[in-house]
J.: 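Would you mind keeping the following structure in view while I ask a few things?
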Amino acid sequence: MTTFALVDCNNFYVSCERLFRPDLKDKAVAVLSNNDGCIVARSQEVKDLGIKTGVPLFQVRQLLEKNHVQLFSSNYTLYGDISARVMQTLETFAPNLEIYSIDEAFLDLNGIGDLPGYAAEIRTTVYRHVGIPVSVGIAPSKTLAKLANYAAKKYPAANGVVDLSATKRQQKLLAITPVAEVWGVGHKLNEKLHTAGVTTALELSQLDRHRLRCHYPVNLERTVRELNGEACIEMEHVPAARQQIVCSRSFATRISDHASLRETICEFTASAARKLRSDRQHARRINVFIRTSPHTAPHMGQYYSNSAWGRLAYPTADTFELIALATRLFDTIYKDGYPYAKAGVMLTDLHSQDVAQLEMFHPSSATAKHDSLMHAVDTINATNSGNIWFGGQRARTDWFMQRDMVSPAYTTNWNCLPTV
DNA sequence: TCTGGGGTCCTAGGACCC
DNA sequence: TCTGGGGTCCTAGGACCC
């Protein structure tokens, strides 16, 4: 039997911001989404104000100002770097770990004797080395470990660690936990379960197998088994190859002309292609989409949203080819006279660069030539000495996302080093 | 006025095959 | 008069996750 630990950073983005602003330690702090649109991370003080995650900023602005909440635009350069440091520290406690998201990881704690003691040591070490507070949930399945972590955060008496190794403790926690808190139960499923009289995690875990099969999606059966202590979701040792790459943005200001919108499509395509190459993958399909704001009132103008798919003759990571196809697709869906609010590019049907299928009518030497050209471009762009971009792309201008309250890149840019 | 971005997986329906 | 059964693949849309 495996023993899973889920280590999750507390209010991660907020904790990252506080790291370099010790004056904010006990102050109310919130972090905003891209474009300063929504609240995506809240300190405890902000949670206590009843502000939910995901609410649009403009709806709560007054409440935030009244309570002197310190706001930050999201700074993913900083969060990504701090995340890497946390994971590095966790690795010293369990070589077998799975990084599940930017702020959480599953650890395989098989063979550890004093589990709560070990978990407490993890907490203090991460805090000492990186300065980020974490919570630890321990259980025989991932779903239970998630729940244990939820409890470790919710109940202060737990001191940030909950060990659900014992069946009795599992049952006790399940009985007092709303079913909506279970990993895999979202908004819709929660509604459906409530209608069926299932309100707690315990009731879900006791659902009749037959009823489950007939009336609910298959994944819920797995969740139920996991709640009963049966590990159905294994650790993923090597991260699975990505299946799609998306690059999209909402604009800080609306875009109403063909040329400008086309430039953003080129920008997104170039950026998606760069990610593709860093993954050592090739893409065969592209999707391009554009839309106006779905929130504008009907009398302000018609809503327009459209997308188009295109297929390449063979998988490629060549920015020239990808941009050529993307702009062709864009031209088929663009309509004049709309205030566009968002656009994006999606690459799918991805294949590993290393196992490329040779094409009968496409000389592999051409691919190799393109690959080395792209490699050269990426290498130059990775240095400070130069910046190469593609025809059609343009330097980021007024449309680029709004981030008025962004903190410095303290740990990744020499010019932003904090002074003491 | 102002509403993020990047993912995975499942399901249903249609087209197509033998 | 009478029109099967089993399968794959693709796509759109939805649900869920962080």
Side-chain angles (χ1 to χ4, degrees), chain A residues 6 8-9 11-13 30-41 51-62 64-65 71-76 79-80 83 98-106 142-143 146 149-150 179-193 215-223 233 236 239-254 268 271-272 275-276 279 284-285 287 289 291-297 300-301 303 305-309 311 339 341-350 400-404 406:
Chain A
L6 177 67
D8 192 312
C9 302
N11 316 329
F12 182 56
Y13 297 168
V31 178
L32 303 171
S33 65
N34 274 345
N35 232 12
D36 292 344
C38 300
I39 310 276
V40 292
I51 291 171
K52 298 264 182 294
T53 182
V55 292
L57 174 60
F58 74 91
Q59 284 176 6
V60 290
R61 197 187 277 279
Q62 279 197 328
L64 294 173
E65 274 169 15
L71 291 178
F72 286 98
S73 303
S74 38
N75 182 349
Y76 286 102
Y79 311 151
S83 170
E98 175 191 337
I99 298 172
Y100 178 68
S101 75
I102 193 166
D103 76 329
E104 58 191 310
F106 287 103
K142 281 184 169 179
T143 304
K146 274 280 207 183
N149 194 288
Y150 156 81
V179 69
E181 299 298 338
V182 174
W183 193 36
V185 176
H187 172 67
K188 284 281 172 186
L189 218 40
N190 184 42
E191 270 180 13
K192 188 171 175 182
L193 287 165
H215 301 292
Y216 296 95
V218 292
N219 277 343
L220 196 64
E221 185 176 344
R222 199 182 58 183
T223 300
I233 312 170
E236 287 188 24
R242 230 200 291 256
Q243 303 191 30
Q244 61 176 41
I245 291 172
V246 179
C247 191
S248 72
R249 285 288 178 281
S250 295
F251 307 134
T253 54
R254 304 287 185 255
F268 298 146
S271 153
K275 278 189 218 167
L276 188 65
D279 269 16
R284 183 133 199 210
R285 302 195 73 201
N287 180 257
F289 65 91
R291 66 163 171 77
T292 62
S293 169
H295 304 290
T296 4
M300 299 289 290
Y303 175 62
S305 168
N306 207 349
S307 68
W309 283 102
R311 187 183 205 89
K342 181 174 180 170
V345 169
M346 195 186 302
L347 302 179
T348 61
D349 201 352
L350 307 186
F400 194 67
M401 69 178 166
Q402 192 174 329
R403 43 192 323 225
D404 294 337
V406 64

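Throughout, protein chains are lettered first and strands after them, A, B, ... in sequence-line order, and every chain is numbered starting at 1.
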J.: Scan A:Glu104 against the nucleic acid and name what it touches under 4.0 Å (heavy atoms): base, sugar-phosphate only, or nothing.
T.: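 Answer is sugar-phosphate: A:Glu104 comes under 4.0 Å of backbone atoms only.
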J.: Whole angstrom is fine here: how far is it from CG in A:Asp103 over to P in B:dG6?
T.: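 Atom-to-atom, A:Asp103 to B:dG6, this comes out as 18 Å.
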J.: Take atom CG of A:Asp349 and atom P of C:dC10, then tell me their distance rounded to the nearest Å.
T.: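 Computing the A:Asp349:CG to C:dC10:P distance gives 8 Å.
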J.: Just by modelled atom types, is the A:Thr348 backbone N or O under 3.5 Å from a matching donor or acceptor in the A:Gln244 side chain?
T.: no
J.: Using a 4.0 Å heavy-atom cut-off, does A:Ile245 contact any base of the nucleic acid, only the sugar-phosphate backbone, or nothing at all?
T.: sugar-phosphate
J.: Examine distances only and state if a side-chain atom of A:Lys192 and a backbone atom of A:His215 form a donor-acceptor pair shorter than 3.5 Å.
T.: yes
J.: Hunt down any stem DNA chain C takes part in, defined as 3 or more consecutive Watson-Crick or G-U pairs whose two distances are each under 3.5 Å.
T.: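 Looking at DNA chain C, the stems formed by three or more consecutive pairs are B:5-18 with C:5-18.
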J.: Expressed as a whole number of angstroms, how long is the span from A:Tyr150:OH to C:dC17:P?
T.: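 From A:Tyr150 OH to C:dC17 P: 14 Å.
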J.: Which residues, if any, of residues 52-61 of chain A bring a heavy atom under 4.0 Å of DNA chain C?
T.: none
J.: Can you measure A:Gln243 atom CD to C:dC16 atom P for me and round it to whole angstrom units?
T.: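 It is 20 Å, rounded to the nearest whole Å.
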J.: Have a look at A:Leu32 and say if it touches a base, only the backbone sugar-phosphate, or nothing, with a 4.0 Å heavy-atom cut-off.
T.: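 No contact at all - A:Leu32 keeps every heavy atom at 4.0 Å or more from the nucleic acid.
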J.: Taking any heavy-atom pair under 4.0 Å as a contact, classify A:Arg285: base, sugar-phosphate, or nothing.
T.: sugar-phosphate
J.: Please give, in whole Å, the distance from C:dC16 P to A:Lys146 NZ?
T.: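 Nearest whole value for this atom pair: 15 Å.
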J.: Take the angle between the ring planes of A:Tyr76 and A:Tyr13 and call it parallel below 30°, perpendicular above 60°, tilted in between.
T.: perpendicular
J.: Parallel, tilted or perpendicular: which one describes the rings of A:Phe251 and A:Phe268, with boundaries at 30° and 60°?
T.: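 A:Phe251 vs A:Phe268 ring planes: parallel.
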J.: Considering heavy-atom distances to DNA chain B, does A:Cys38 or A:Asn219 have its closest nucleotide positioned more toward the 5' end?
T.: A:Cys38
J.: In whole Å, what is the span from the CD1 atom of A:Ile102 to the C1' atom of B:dG5?
T.: 12 Å
J.: Please report, rounded to the nearest Å, how far the C1' atom of B:dG6 is from the CE atom of A:Met346.
T.: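 A:Met346 atom CE is separated from B:dG6 atom C1' by 10 Å.
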